[in-house]
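Naming convention: chains lettered A, B, ... in sequence-line order (proteins, then strands); numbering from 1 in each chain.
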Amino acid sequence: MRTLLLVAVIVGSCTVAGVFNPARSQPGDGSSPRLTQSVPSSSPVLYGLGESPFAPRPSTSCAAASCHGGGQVGKVGSEHSSWAAEVFPSGPSDPHSRAYQVLFNPVSVEMAKKLNLGEAHRAERCLKCHAVLTHEEPDVRAAILAEGVGCSACHGPAEKWLSVHYLPEWQTLSSRDKWLKYGFIPTKNLVARTLNCASCHMGDSSRDVNHDLYAAGHPRITFEAARLHYHPDYRHHWTEKTPQPDFEIRLWIVGQAAALRAATDLLRARAERALAHTPESAWPEFAGYSCYACHQRVGEGAVRNSVSAMPRPLGVAGWEVLANTGVAIAAQYCSTAYPGLTPPTLTEVQRLRKLMDGPRPPSPATVRQQATKALGELDAWLAELQTAEDGKRQPVPSGTTEQLLHALANNALTRSAGGETLLADHDWDALTANYLGCAAMYHARGGRMPSWQKPLDSLREQLRFPALTSGQWNSPADFTVQKLNTLRENFILLRNMSAPSATPEGGKK
Amino acid sequence: MNPIGKIILLALMGFFATGLFLSLYGKSQPVTVVLPAAKSLRDAPVGPMPHQPVGMAGCLGAACHGGPAERTLARQFDEHTWQSSGSCWAAADPHSTAYSLLTDQPLRPVRVTAQQIMERYAPGKKATEEVRCLACHTNPTLARPEFLRDAQADLFRREGVGCEACHGNASGWINSHTTWNGDRSQVYAQTGMTPLFDLGERAMTCLGCHVGAPAEADRGLPVRDMNHDMIAAGHPRLNFDFAEYLRRLPRHWHEKDRPTNAPRILNPAKVWYVGRYAHAEAACRLLADRAQRSADDPQTPWPEFAEFDCASCHHHLHISDRTERSSDWRKSEQYLAGRRLGAPRWQLLWPVGTAPGLALPQPGESPLAAVAQIMETAPRPRASVVHPMAIQAAQLLRNRRIALVATPDTDVQRTVQPYLASGGKLLPDWDSAQQLYYGLAAFDRAEGDYSEQLLKTYQSALAAFRNNDWNEVEKALEAIRKSK
C-alpha cells in the first residue's frame with residue numbers, strides 16, 4: 001500500500017511543465033536537448049534554483065483524464081483537477097491558478113500604469129512571478145501564461161521529462177539527476193519545494209517586489225513555509241507522505257533556511273543593482289526592512305519599548321526580521337530533525353545581520369560582499385538538508401515539538417537587567433515569526449494540545465490587523481503597549497508550559 | 001580643639017589672608033584666587049572661545065534688565081522696556097525652562113521625559129551630560145565636553161536658553177553696550193553681540209536650534225543636530241514657524257528701527273516670508289553638514305531620515321479602497337511631482353520649495369528644486385553630491401534673505417499674496433496644510449485685524465488640526481483662501 005502511495009505521489013508530483021527563464025531553451029527544431037552535466041557531483045546543487053535550459057509545456061500535456069485530470073478533486077490522478085479553479089469550483093482552489101488573471105484586475109492595471117510598466121499582463125517584471133515565462137512561439141507562450149503559476153512553475157520545465165516521468169526507470173533516477181538532466185524539480189524534497197516557493201514568495205536575484213511596487217499597491221510579500229502550506233485558501237493536490245509531527249517540524253526548519261536564503265539572494269542582487277545605478281534600484285531598499293518599523297503611529301511616547309528590549313539601534317528598521325527571527329533555532333534543531341546533520345554556525349549570516357541592522361545604512365559594496373558570504377553559508381546548509389531529505393530519514397525524536405515551542409516562545413522573550421521578562425523585540429515581524437513557529441508546532445501535533453491553544457489564539461488576536469469600516473488595515477495600525485503586553489504574557493505562558501523539566505535540553509547529540 | 005586642628009585652621013586662615021591680599025594688591029599675579037571653574041572657561045584651553053559668557057547675573061541687576069516687568073508682560077512696550085527685559089524673560093519665557101527639561105524636574109509638562117529619552121538614546125548617560133542635548137537646551141557655547149565638569153559652566157547652563165544664548169556671550173560687550181549710539185552693526189560684529197535687530201539674523205539665531213546648525217568653531221558653537229535617532233528615542237519633532245513662534249514669545253523688547261532707533265511695527269507677512277527663507281537656509285546648511293559629517297563620522301547616519309518628511313513613511317497602510325479618500329492620494333502625480341513612487345519626500349519648505357496642491361512656486365522657480373531632486377534620487381542621495389549643492393543653495397537663500405529684509409513691507413506683502421491665494425485642491429498632506437495655515441494667518445494679520453467671521457474660520461481650522469480631522473482642515477483653509 002505504502003509503495004503504491006509513494007508511486008502515486010511521485011507520479012502526482014510530475015503534473016507539470018516548467019518555469020525558469022527559457023531564454024536559453026532550444027529552438028523547436030526537434031534536436032535533442034543538451035544535458036547539463038558540467039557540474040561535478042561533489043559540489044552542492046540546490047534543485048530548482050537558477051535557470052533550467054529546458055522549455056516548459058502547457059498543462060494540456062498534464063491534464064488528460066488518464067493522467068492528472070481525473071476530475072475527482074483530492075484523488076490521486078486528479079492533481080490538475082484539484083489545482084484548477086474553473087474546472088471544479090467547489091470549495092477553495094489553488095490560488096496559483098489565478099495568478100495570471102490577477103494581472104487584469106483594477107489594482108494591477110493601476111499599478112502598472114503608475115510604475116510605467118505598460119500592461120501588467122505583458123510586463124516581464126509581473127509575469128516572472130504571476131505566470132510561467134517562456135520564449136516559445138506566441139501561441140504556446142500565451143497558453144502557458146494563461147495558466148498562471150502552472151505546473152511547470154513548481155515542478156520544472158517539462159520538455160525533457162514529460163515523456164519519461166511515468167516510466168518505471170524514472171523511479172531509479174536520483175533527485176539530482178532529475179533536476180540536472182531533466183529539469184524536473186523533485187518537490188518531494190522539502191528543500192527543493194520550499195526554495196521554489198521562496199523564489200517568488202520572498203523573491204530572488206531576478207524577482208524583486210520592492211518598495212516601489214508596494215507603494216504602487218502590491219500587497220506585502222511575506223513567507224513562512226510551514227504555515228503558508230496550510231493556508232485555508234489553498235487546496236492541496238497531493239498527499240503528504242511524511243506523517244505529523246515530523247513533516248511540519250522539518251518543513252518549519254527547512255522553511256527558515258529557505259526564506260533567509262531567498263532574502264539574502266535578493267539583498268545581494270539589490271546591492272549589485274544599486275552599485276550599477278540601474279534606474280529601478282534604490283538604496284537602502286526599504287522593502288528589505290520591517291514595514292511597520294516605519295509605518296507606525298508616531299508620537300505615542302514611551303509605549304513600545306517599555307515592554308521590550310531594543311535589539312537594534314534606535315530608529316533603525318530591522319532587515320528581513322521575519323526571515324531572521326527563527327533561523328538560529330532552526331539551525332540548532334536541524335540535527336534533531338535530521339539526525340547526523342551538524343548544526344551550522346551561521347557566522348557570516350550573523351555578520352550580515354549586524355551590518356544591515358547597524359546604526360547607519362551600509363554601503364551596497366559592503367553588503368554585496370557580506371551577502372555573498374552569507375549566501376554561501378546558507379547554501380551549504382541547505383545542501384546538507386537537501387541530502388538528508390533525499391536519504392532515508394529517521395523519525396524525529398518525540399518531545400521535539402515541545403522543545404521547539406519552548407525555544408520559540410523563549411526566543412520572543414528576554415530578561416531585563418532588573419530581572420523583568422520583556423519581549424526580545426517588539427517588531428511585528430519578529431513577534432509574528434515566533435508566533436507562526438509556535439503555531440506550526442501546535443499543528444504538527446495535529447491540534448491536539450488544548451493547553452497550547454488558548455495562548456496561541458490570543459497571540460493571533462493581538463497580531464491580527466484591525467478591521468476598518470471600509471475593509472481592513474494593511475498594517476497593525478493599533479499596535480499598542482497593551483497588545484504588546486498581552487503578547488508578552490502569552491509567550492511567557494507558552495514558554496512555561498513547555499519548560500524543559502520533562503524534556504532534555506536542546507536535543508543535540 | 002586638638003593641636004592638629006589648630007594648625008590646619010591657622011594654615012587655612014593664612015592661606016586665605018594671603019589670597020585676599022594678593023587679590024586686592026597683587027594685580028600682577030592674580031592666579032592664586034581665580035576659581036578653577038572660571039579658569040577653564042576663560043582660558044579656553046581647547047578650541048577658540050572668542051567671547052566668554054558672564055551669566056544671567058551680569059544682566060539682571062535691578063538697575064539694568066531686572067526691573068519690574070508688569071508693563072512688558074502686559075505687552076506694553078516703550079523706550080523703557082529694556083529695563084525689564086530680563087525680568088520678563090525670567091517670568092514668562094519658555095526658553096527659561098529649556099535646561100530643566102533635561103533634568104528630572106521639568107518646569108513644563110512633557111509627554112516623554114529626558115530620562116526616558118536617554119534610556120534609549122544613550123543608556124547610562126544623563127541628558128545634562130550629553131553635549132548634543134545641551135547644545136540647544138542651554139547656551140550652545142557651553143555645550144562642550146571639556147566644560148561638563150566645570151562648576152561655573154554648570155551654573156550658567158542651568159539658566160537654560162538665557163540671555164547670552166541668543167544675544168551672544170557678553171564678555172566683549174557687557175561694559176560697552178550701554179554707551180553705543182548710531183549704526184550698531186559694526187560694533188556688534190566686533191564685540192560678539194548678535195544683531196537681532198536684523199530680522200533675518202534674528203530668524204537664523206532661532207533656527208540654529210529650532211532646525212539645527214553646523215558647528216562654528218570661530219563662534220564657539222557646537223553641532224546642533226536633532227536627528228532621527230533622537231526622535232526615535234522620544235524627542236518631539238521640530239515644528240517651527242518663525243513668524244508664529246516669534247508672535248507667541250512673551251516679547252521682552254521694544255521693536256526699534258536701527259540705526260534711527262525709531263519705534264517700528266514688524267509686518268507679520270514679511271516676518272513670515274523672511275522666516276521661511278531663513279528656515280530653508282538653515283535646513284540646507286544642516287543638510288550640507290550632515291552630508292559632510294557622514295563621510296568621516298561613523299555615528300552620523302546617511303541618508304539621515306530626519307531630513308525627510310516624517311509622514312512619507314509614518315503613515316498607516318490601508319488596503320486600497322476607492323471609498324477611502326485617504327488611501328490613494330500618495331500615489332497621485334500631484335503628490336509625487338516626478339518623484340519615484342515609494343520614495344520618501346525631502347522636507348517640505350514651502351513657499352521656498354514646492355508643496356503638493358499649491359500652485360506656487362512652480363518647480364522651475366524654486367531655489368530648492370535641485371536639492372530636493374537629488375535628495376529623492378535613486379539609488380540614494382550621495383553625500384558627496386549633496387554637500388556642495390546644499391552649500392550652494394544655502395548661499396543663494398542667504399542672499400535672497402538679505403535682499404528680502406531690505407525690501408519694503410508692502411512689496412513683500414504683495415509678493416506673498418499670490419502664493420497664498422493660488423492653487424487648486426489641497427491634498428491631505430499635513431505639512432503643506434500646516435505651512436499654508438501659518439502663511440495665511442501671518443498675511444491676514446498684516447492686512448489688519450481679523451473680522452469676526454475670519455477669526456472663527458481660523459479657530460475652526462486650528463481645532464481641526466488638533467482633532468486630526470482633515471475634512472475640516474481643508475474646508476476652513478479653502479474658506480480662508482477664498483477671502484484673499
Side-chain angles (χ1 to χ4, degrees), chain A residues 106-107 110-111 114-116 210-217 219-220 270-271 273-287 291-302 305-306 310 313-317 358-361 364 465 468-477, chain B residues 110-113 115-117 119-123 227-234 236-237 294 297-306 308 310-325 327-328 330-333 336 339-344 376-382:
Chain A
V107 177
E110 220 159 282
M111 275 182 64
K114 281 168 183 152
L115 292 167
N116 240 345
N210 65 6
H211 195 254
D212 293 2
L213 257 80
Y214 290 145
R220 182 187 171 188
R270 282 170 175 168
R273 284 194 286 270
L275 283 169
H277 278 263
T278 62
E280 73 272 16
S281 68
W283 192 266
E285 170 51 59
F286 294 144
C291 304
Y292 319 121
C294 294
H295 293 285
Q296 59 159 303
R297 206 185 292 267
V298 283
E300 278 175 281
N305 31 25
S306 60
M310 179 64 85
L314 264 185
V316 172
R360 52 185 282 169
F465 296 164
L468 197 69
T469 42
S470 61
Q472 203 185 18
W473 290 98
N474 225 345
S475 54
Chain B
V110 286
R111 287 184 73 175
V112 188
T113 65
Q115 194 195 348
Q116 286 169 321
I117 294 174
E119 268 168 22
R120 293 168 237 165
Y121 181 68
N227 67 6
H228 192 255
D229 292 359
M230 292 192 187
I231 299 174
R237 175 191 176 185
S294 74
D297 171 20
Q299 289 314 310
T300 303
W302 186 263
E304 166 55 55
F305 287 155
F308 296 89
C310 305
S312 263
C313 299
H314 293 284
H315 64 77
H316 293 323
L317 300 171
H318 283 178
I319 282 179
S320 187
D321 178 346
R322 271 144 222 286
T323 61
E324 276 288 325
R325 164 103 198 274
S327 65
D328 246 22
R330 285 193 176 84
K331 301 177 181 67
S332 66
E333 299 238 332
L336 289 170
R339 192 170 59 251
R340 61 197 270 127
L341 204 56
E376 290 157 3
T377 191
R380 65 165 165 179
R382 288 194 201 195

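Atoms CG and NE2, from A:N474 and B:H316 in turn, are 12.5 Å apart once rounded to the nearest 0.5 Å. Of the inter-residue distances, the one linking B:D297 atom CG with A:R360 atom CZ reads 7.5 Å to the nearest 0.5 angstrom.
The two residues A:K114 and B:K331 come nearest to each other via the heavy atoms NZ-CD, 3.4 Å. Between A:P364 and B:R380, the closest heavy-atom pair is CD-NH2, 3.7 Å. In plain terms, the two heavy atoms of A:L115 and B:L341 that are nearest each other are CD2-CD2, 3.9 Å. In terms of heavy atoms, B:L317 sits closest to A:Y292 at CD1-CE2, 3.8 Å.
By number of non-hydrogen pairs under 4.5 angstrom with chain B, the leading residue of A:A293, A:C294, A:P284, A:G358 is A:C294. No other option in A:P359, A:P361, A:P313 has as many heavy-atom pairs under 4.5 Å with chain B as A:P361. Ranked by heavy-atom pairs under 4.5 Å with chain A, the first of B:A311, B:A343, B:S294 is B:S294. Note on B:I231, B:T300, B:N227, B:T113: by heavy-atom pairs under 4.5 Å with chain A, the leading option is B:T300. Among B:G342, B:P344, B:P303, the residue making the largest number of heavy-atom pairs under 4.5 Å with chain A is B:G342.
Between the side chain of B:R120 and the backbone N or O of A:M310 there is no donor-acceptor pair closer than 3.5 Å.
Residues B:H315 and A:H295 bring their aromatic ring centres within 6.0 Å.
Of the atoms belonging to A:A287, not a single heavy atom falls under 4.5 Å from chain B.
Counting non-hydrogen atoms of neighbouring residues, nucleotides and ligands closer than 6.0 angstrom, the CZ atom of B:R382 reaches no more than 12 such neighbours.
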